Amino acid sequence: MLQHYGGDPKGLHLLGADAPDLLPYATLMNARRSGSETLDVVGAVYEWQEAPLIFLVDSHLITSEQQLQRLRRLLAMRGDAPYLGVIAPGRLDVYPIALDSKRPRQVQVRDGLIDIADSDLLPQLANIRPMAARAPQTWISDVVLRLLTRAIDELIATSQVDGDDAISLVGRALFTRFLGDRNLLPCDFASVPESNALFDDAKHASETSAWLDATFNGDLLPLSDGILDRLDDRGFKVLGDIMRRAPGGQLPLEWAEQWDNLDFAHIPVGVLSQAYEQHLRNHQSARQRREGGFYTPRPIADLLVRASLRALDRENGSANTRVLDPAAGAGVFLLTAFRELVAAHWRATGKRPDTAKLREILYHQITGFDINEAALRFAALGLYLLSIELDPEPEPVDKLRFDDLRGVVLHRLVADQSAKGGKLGSLGPEVGAEHAGQYDLVVGNPPWASGTKLPDWSLVTGEVERIASVRAGHRVAPPIPNEVLDLPFVWRAMDWVRPGGQIALALHARLLFQQGDGMAEARLAIFRALDVTSVINGSELRQTRVWPEIDAPFCLLLATNRVPGPGAGFRLISPRLEPSLNAAGTMRIDAHAAEIIASEDLARTPELLKILFRGSKADLGLIERIRARSLPTLAKLWSETVGGSPDGYLTGAGNGYQTLKPSSRTRKTGDGLPGAPADYLYGLPDVTAASLDDLLIATDRLLPFQHRRIHDPRDPALFAGPIVLVHQSPPASSNRLRVGIAANAVAYNESFYGYSSGTLGTSQVLVKFVALILGSRFALWFALVTSGKFGFERDVVEKAALNRLPLPDLREFGDEQSAQICALFDKLAAGVISWEVVDHWVAELYGLSESDLQVIADTMQYNAPFSKAKLAAQSPPQDLIAFCAQVERELSPWTKRFCRPITATPISRRTGSPWCGIVLSHEEQSPAADLPHQWEELLRLADTSAATEMIVHASPGRLFVARLAQQRYWTTTQARLLAQHIIWDELEFLAERHSG
């Protein structure tokens, strides 16, 4: 039946079994075994990309709409699968899983997909995620966060409890609630009328806290002495509300955001850790920014841990893997690793680990470092609770007792901050040589902070130099630009992991793309010292629910701990923005579509990763051809023509002024006032972005500069005319930089870059030439694919990217070419010609063909970091017939060579299908023969692998190509790349002879 709805039988897991693959559903299976009236009807789960997609229920077991409504909400407390499916004869009804009061008939997913074929249902759910967006109002981690924050704030406001005690009190009550909902509280508490009352007064709260301290070895949030005796009735009411459960455990039909509507028997342990870290972000943001720590979503932790353990499985098996997270935080990676190691032991032995084995795995195979005491306490509690959750026989309650995890499993690394290196945490001397080579896997999300100015930083650089020198075989000192924290963790991981072990880290994506400040050299050093196998570039997914609450672009690095051999390379995977999928917290990771990159190519082309992220191999080929001409950069041409200095300063070129700020400093040798005098700018026309709508800036229409002081002094030469002005934020509507020329001196602010040749009396040909080049589409394209910031973490073009732009050498131009520049500029300024004419003139200067211009146009239209381009990229394919025609044209030299004509034909797309396709056939083949059956098999394969493209030999003389139905995969450039792929990898298909 699953195949009828487009599913893959391998993704189906029956919950009645007892198998290691079902450990992620341990709480659900425990509830089924204990006879849960609501959850015992859930019979199976269907996974996509190894993550739960839909829980399945037999319709015969659903007796009422109210039962189905409660089931939706209870499953929502797991925070994983987005859908619930009810199977009836010849029918699959699908409902979004959510914390709400909506009746099931109000939210039936199939009602919105009425026109799609049955075979497209599960692919649609997996690839499009209709009605599955994780709204903060109804997503379990957000709900727990708000309730947690509300309780802490109420304690502070009404009971005059300080922040630390408020966090600890609420945390203790919440963990007790976790245990109570899972029926893990001791019988001694039977003297209390009900477990709900364990924090209702000082006596019961003290007894409960004493039991928690004894059970969990003191690894609980600390309390001030006597705080429970001093807490008033209002404070105990706050704590008591946390403990309140729905009467009889039966959740009401109507949803309300309150404690008694939650059942912590089904809420994963990691949700509490996430809520705690999010609370710290809200209330201790300065500390979190300083330490650079952010909660890692469980799907990302799962991905890194599972991928690494699979690599170890291919070596000698992963059951005995020793795992280190050197920046453990509240333990999300340790929890995932623990669960996966338990599953690995189960697979290796054929026997489910019992209590003793679970303790052995925990004590001997899991290690975490951190500097934050509260986070480590939450990590300890999470590991305790997970041990109980994974235990096949968690009772009697005495099994709750554990050995102390401190100094064995969890290590706090700030024992003596006054000592040398005491504030460096995992990067300091406290992690000594005893940890070298002791781990099979280092995994985690190290802090991303930069410019921290930590004392004794030389100890960090010294360790990096030592490790790098050992790897290189000679002394080498890789740079650590701006004292970023995550890169030293990569180097230290090489020391902590045994040779051949695995390293899997979530890092800031500046490692991949930043070009200045020595980052290109730092990147190359890492890729030369470490055999990186895969890099998942999540830059495009920042500010989505894939990784909520962070704005920084991220990447995931997976590597084998050895020096890469000659010709070593890695896969670069860049998941694309798919709002409906990303809103459900999911990203598509298509390993088959990865770019394979030789590590040494990064030395030849430092911007290689950025080119392939924002462009394609076609863009890379174009960049390489342009650079092969050895043209001077704009910076070099300007420096040698107008002036400059060896340190990179360009005469008359730079950023505009900054207005006076609260942070403006008073200079020791100044006039005793903050900032700097701006007399030389006063009264000059003050340029605005709108004034660049005209190529020749109408300075007489501008308001005069009125500020007496500015933030920092600026060289007056920057403002002299004639001057080219470039606005740093390109408008999405034009796909080109906004430029203009002012004939005379003007003032302009920091949003503009200026190139002034006025004070030196240089010919205006230079500024007109620079303006035409910078205003062309070519310039913005070049910045997009090579910039270390634009299209990566910022939507503005930085000046350094413009300065690196290669320019035809104006000094070699004759009088006729110079006159052409002036004539072209004058016609453009007068509105006689358009910028498109300039684009073609620029193409001639660089020797670009129409195909090259098409590459630039496609990249800018579908890969630029503007909302217009993002929407265009995800729109349905516009013209498959034209795509097929382009493929045929590209293949024609080869088909003529082999005398084997090939036709490319679109395959009719069903309404609602996430796929489009074409079939390439030799002339004697009928494209329609057996097409439906073969096409269905191909799509099923594509869905199983979370692919963006699949190419399959359906039969002799016929090749199927399936791609996601998004325009970014069906452009003219993509047609050319597909043809190249066929020529390189499918040559036998081009030449094969049909035997029938």
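Since this is a predicted model, take the numbers as computed values, not measurements.
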**Prompt:** How close do Leu964 and Trp970 get, heavy atom to heavy atom, and via which atoms?
**Reply:** O-NE1, 3.0 Å
**Request:** Using salt bridge (Lys or Arg N to Asp or Glu O under 4.0 Å) as the criterion, list what pairs up with Asp826, not counting sequence neighbours.
**Result:** Lys768
**Shortest non-hydrogen separation from Gln658 to Lys661 and the atoms involved** = NE2-CE, 3.8 Å
**Request:** Report yes if the distance between the aromatic ring centroids of Phe769 and Phe813 is under 6.0 Å, otherwise no.
**Result:** yes
**Message:** Using the rule ring-ring contact (aromatic ring centres under 6.0 Å, His included), only one of Phe513, Phe790, Phe792 pairs with Phe613; which is it?
**Reply:** Phe513
**Prompt:** Closest heavy-atom contact between Arg542 and Asp551?
**Reply:** NH1-O, 2.9 Å
**Prompt:** At their closest point, which heavy atom of Leu784 faces which heavy atom of Ala864, and how far apart are they?
**Reply:** CD2-CA, 4.0 Å
**Asked** Counting distance only, does the side-chain N/O of Arg667 pair as donor-acceptor with the main-chain N or O of Gly675 below 3.5 Å?
**Response** yes
**Request:** Among Ile773, Thr786, Leu637, Val770, find the residue that satisfies the side-chain contact (heavy atoms from CB on, under 4.5 Å) test when tested with Leu805.
**Result:** Ile773
**Request:** Might you point out which heavy atoms bring Met519 and Arg510 nearest each other, and give the distance in Å?
**Result:** CG-O, 3.5 Å
**Message:** Between Leu978 and Arg963, is there a side-chain heavy-atom distance shorter than 4.5 Å?
**Reply:** yes
**Request:** Please check if the distance between the ring centroids of Tyr657 and Phe705 is under 6.0 Å.
**Result:** yes
**Asked** Is there a donor in the side chain of Glu578 and an acceptor in the side chain of Gln966, or the other way round, less than 3.5 Å apart?
**Response** yes
**Request:** Please check if the side chain of Arg523 supplies one atom and the backbone of Leu511 the other of a donor-acceptor pair under 3.5 Å.
**Result:** yes
**Prompt:** Mind checking whether Leu572 and Leu612 have side chains closer than 4.5 Å, heavy atoms only?
**Reply:** yes
**Request:** Take Leu891 and Leu990 through the side-chain contact (heavy atoms from CB on, under 4.5 Å) test and state the conclusion after the steps.
**Result:** CA-CA 9 Å; Leu891 293 177; Leu990 293 176; 4.3 Å; yes
**Message:** Are the side chains of Leu541 and Thr544 in contact, using a 4.5 Å heavy-atom criterion?
**Reply:** yes
**Asked** Do any N or O atoms from the side chain of Tyr748 and from the backbone of His727 form a donor-acceptor pair under 3.5 angstrom?
**Response** no
